Visitor: 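Pasting a structure below so you can have a look.
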Amino acid sequence: MTNADFEKIVDTSDEWIVTRTGISERHIAGDDISSADMAIKASERALESAGLTHEDIDLVICGTVTPDYKLPSNACVVQEKLGFPNAVAFDVVSACTGFINGLSIANSLIATGQNRRALVIGTEKLSSFTNYEDRNTCVLFGDAAGAAVVEACDDGRGVLSSFMKSDGSLRPLLWSKVGGSRYPYPRDFAFDGSDKILMNGSDIFKVAVRAMSKAAKEVISIAGLTIDDIALIVPHQANIRIIDAVAKRLGVGRDRMFINIEKYGNTSSASVPLALDEASRSGRIKDGDHVVMVAFGGGLIWGATLVKW
Ligand code: ACO
């Protein structure tokens, strides 16, 4: 869906969207495609590129706020469809930080020896959750999935440090009101957007810049490194101006921030794995590089992971 498509449904313009957000287009999944369907595709490709089969995986973690069902988890739907006979599967509800938190949990479980090999997924069908009558939000979001296989290695590479934090008092900045146990759908529910994404964009903007910069600095410091040691930062793709502001606070140029927001918009928990995959396939990440992934999302919740590739 391009910015020109939005000009036809809400009062907006390509110029406004590009200058305010950096987004030119986003992918919208068809009616017959769910977030678990996209997760399954991404998982199959991750397994293929790792040269592994379903039997090798003993942990499936799916970051999502747009699961197929309220019950069970999307991770269990992926397990049902792909069949991981040796695995436990569960979701992580951390909005755009879903993949980062999933990676952190997988890393800890593998480090303690409880699990051996994890599939960490970020998948969102945000179009199922977006109010296409609200120009403040609808132009921002897209659908996508990404996945990574995680296992232990003993050559000093892998996850060097992780950081997770949230502030539940900031819930009203980004939430969805109707449809849960506090405000179940009334029998006569009339569409008013209250079951879709509700957002205070400018306040989130400020928190996001502060939180992402701090989280990135935190993982760099825990790992005993400095910003000069970091080859690439893979940030959550919410807004190009947020990414630029984070880069400024970290003291790096755009050349060290991976950016693909123009093609996908904000895909929540899919955003970081999608960017990571493009960065690695396009040669932006080389063996031995230190890479920081950093995200924030509804909760509000934020976090970062530093890996040696
Ligand atoms: N087209 C044209 N005008 C628009 C549009 C649009 N699509 N959207 C908003 N406007 C208008 C507003 O109505 C407002 O008009 P007004 O001054 O007459 O009231 C004006 O533009 C300026 O609005 P601001 O909110 O000040 O614009 P801002 O520069 O802050 O940009 C934006 C808005 C893009 C939402 C920005 O604040 C942002 O990106 N914030 C972060 C949001 C975000 O990342 N949310 C997702 C979190 S992650 C997750 O968990 C899914």
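All residue numbers refer to positions in the sequence shown, counting from 1. Everything numeric here is computed off the predicted structure, so don't read it as measured data. When a ligand or atom number is given, it counts from 1 through the structure's own listing order.
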Visitor: For a quick check under 3.5 Å, do Asn74 and Ser35 share a side-chain donor-acceptor pair by atom type?
Guide: yes
Visitor: For ligand 1, which atoms have a heavy atom of Phe296 less than 4.0 angstrom away?
Guide: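 Selected atoms, number and element: 44 (O), 47 (C).
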Visitor: Looking at Arg20 and Glu15, does any basic side-chain N land under 4.0 Å from a carboxylate oxygen?
Guide: no
Visitor: For residues Asn101 and Ser104, is any side-chain donor paired with an opposing acceptor at under 3.5 Å?
Guide: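 Short answer, no.
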Visitor: Counting non-hydrogen protein atoms only, what is the nearest one to atom 8 (N) of ligand 1? Give residue, atom name and distance.
Guide: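 Its nearest protein heavy-atom neighbour is Trp16 CH2, 3.3 Å.
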Visitor: Does the protein put a heavy atom less than 4.0 Å from atom 38 (C) of ligand 1?
Guide: yes
Visitor: Give a yes-or-no answer on whether the side chains of Glu124 and Ser269 include a donor-acceptor pair shorter than 3.5 Å.
Guide: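 Judged by distance alone, the side chains do pair up.
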Visitor: Which option wins on minimum heavy-atom distance to atom 28 (P) of ligand 1: Arg20, Glu15, Gln237, His236?
Guide: Arg20
Visitor: Please confirm whether Gly298 comes within less than 3.5 Å of ligand 1 when only nitrogen or oxygen atoms on both sides are compared.
Guide: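 So ligand 1 has an N or O lying under 3.5 Å from an N or O of Gly298.
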Visitor: In the protein, what heavy atom is nearest to atom 35 (C) of ligand 1, and what distance, to one decimal place, separates them?
Guide: Met199 CE, 3.8 Å
Visitor: Do any nitrogen or oxygen atoms of Gly201 lie less than 3.5 angstrom from nitrogen or oxygen atoms of ligand 1?
Guide: yes
Visitor: Nearest to atom 14 (C) of ligand 1, what protein heavy atom do you find, and at what distance?
Guide: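 Scanning the protein heavy atoms, the shortest distance from atom 14 (C) of ligand 1 goes to Arg135 NH2, 4.6 Å.
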Visitor: Going by an N to O cut-off under 4.0 Å, is there a salt bridge joining Arg254 and Asp244?
Guide: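 So Arg254 pairs with Asp244 through a salt bridge.
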Visitor: Provide, to 0.1 Å, the distance between atom 9 (C) of ligand 1 and the closest protein heavy atom, together with that atom's residue and name.
Guide: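 Here the closest protein heavy atom is Asn136 OD1, 3.0 Å.
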Visitor: Is there a donor-acceptor contact under 3.5 Å from the side chain of Arg26 to the main chain of Met1?
Guide: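 Yes.
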Visitor: Run the salt-bridge test on Lys41 and Asp37 with the 4.0 Å N-O cut-off and return the result as yes or no.
Guide: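 So Lys41 does not pair with Asp37 through a salt bridge.
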Visitor: Answer yes if a protein heavy atom lies under 4.0 Å from atom 44 (O) of ligand 1, otherwise answer no.
Guide: yes
Visitor: For atom 30 (O) of ligand 1, state which one of Gly98, Ser268, Ser202, Cys138 supplies the nearest heavy atom.
Guide: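 Residue with the shortest heavy-atom distance to the ligand atom: Ser202.
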Visitor: Considering non-hydrogen atoms of the protein only, which is the closest contact for atom 49 (C) of ligand 1, and what is the distance?
Guide: Cys96 SG, 2.7 Å
Visitor: Identify, by atom number and element, the atoms of ligand 1 in contact range of Thr21, meaning under 4.0 Å from any of its heavy atoms.
Guide: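 The atoms of ligand 1 under 4.0 Å from a heavy atom of Thr21 are 34 (C).
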Visitor: Is the contact between Asn239 and ligand 1 made by the side chain, the backbone, both, or neither, using heavy atoms and a 4.0 Å cut-off?
Guide: side chain
Visitor: Which residue and atom name correspond to the protein heavy atom nearest atom 47 (C) of ligand 1, and how close is it?
Guide: Leu174 CD2, 3.5 Å
Visitor: Indicate, as side chain, backbone, both or neither, the part of Thr12 found under 4.0 angstrom from ligand 1 when only non-hydrogen atoms are considered.
Guide: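 The answer is both, backbone and side chain.
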Visitor: Students should be able to answer this: which protein heavy-atom is nearest to atom 31 (O) of ligand 1, and at what distance?
Guide: Arg241 NH2, 3.3 Å
Visitor: Okay, side chain of Gln237, backbone of Pro235: is any donor-acceptor separation there less than 3.5 Å?
Guide: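 Side chain of Gln237 to backbone of Pro235: a pair is present.
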Visitor: Sort out for me which residue in Val149, Asn115, Leu82 forms a side-chain contact (heavy atoms from CB on, under 4.5 Å) with Ile57.
Guide: Val149
Visitor: Return yes when at least one protein heavy atom is under 4.0 Å from atom 19 (O) of ligand 1, and no when none is.
Guide: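 When distances to the protein are checked, atom 19 (O) of ligand 1 has no heavy atom within 4.0 Å.
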Visitor: If you measure from the Lys or Arg side-chain nitrogens to the Asp or Glu carboxylate oxygens, is any gap between Asp58 and Arg116 under 4.0 Å?
Guide: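 Salt bridge between Asp58 and Arg116, a charged N being under 4.0 Å from a carboxylate O: no.
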Visitor: In the protein, what heavy atom is nearest to atom 46 (C) of ligand 1, and what distance, to one decimal place, separates them?
Guide: Asn266 ND2, 3.4 Å
Visitor: Distance check, rounded to the nearest 0.5 Å: Leu174 atom CG versus Ile204 atom CD1?
Guide: 4.0 Å
Visitor: Under 4.0 Å, counting heavy atoms only: does Asp11 come that close to any atom of ligand 1?
Guide: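 Checking ligand 1 against Asp11, which is what was asked, there is a heavy-atom contact under 4.0 Å.
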Visitor: If the test is side-chain contact (heavy atoms from CB on, under 4.5 Å), which one of Arg210, Lys214, Lys165, Met164 qualifies with Trp302?
Guide: Lys165
Visitor: Phe141: heavy atom below 4.0 Å from ligand 1, yes or no?
Guide: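 True for this residue.
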Visitor: Using a 4.0 Å heavy-atom cut-off, say whether Val65 meets ligand 1 through its side chain, its backbone, both or neither.
Guide: neither
Visitor: Between Asp68 and Lys125, does any side-chain N to carboxylate O distance fall below 4.0 Å?
Guide: no
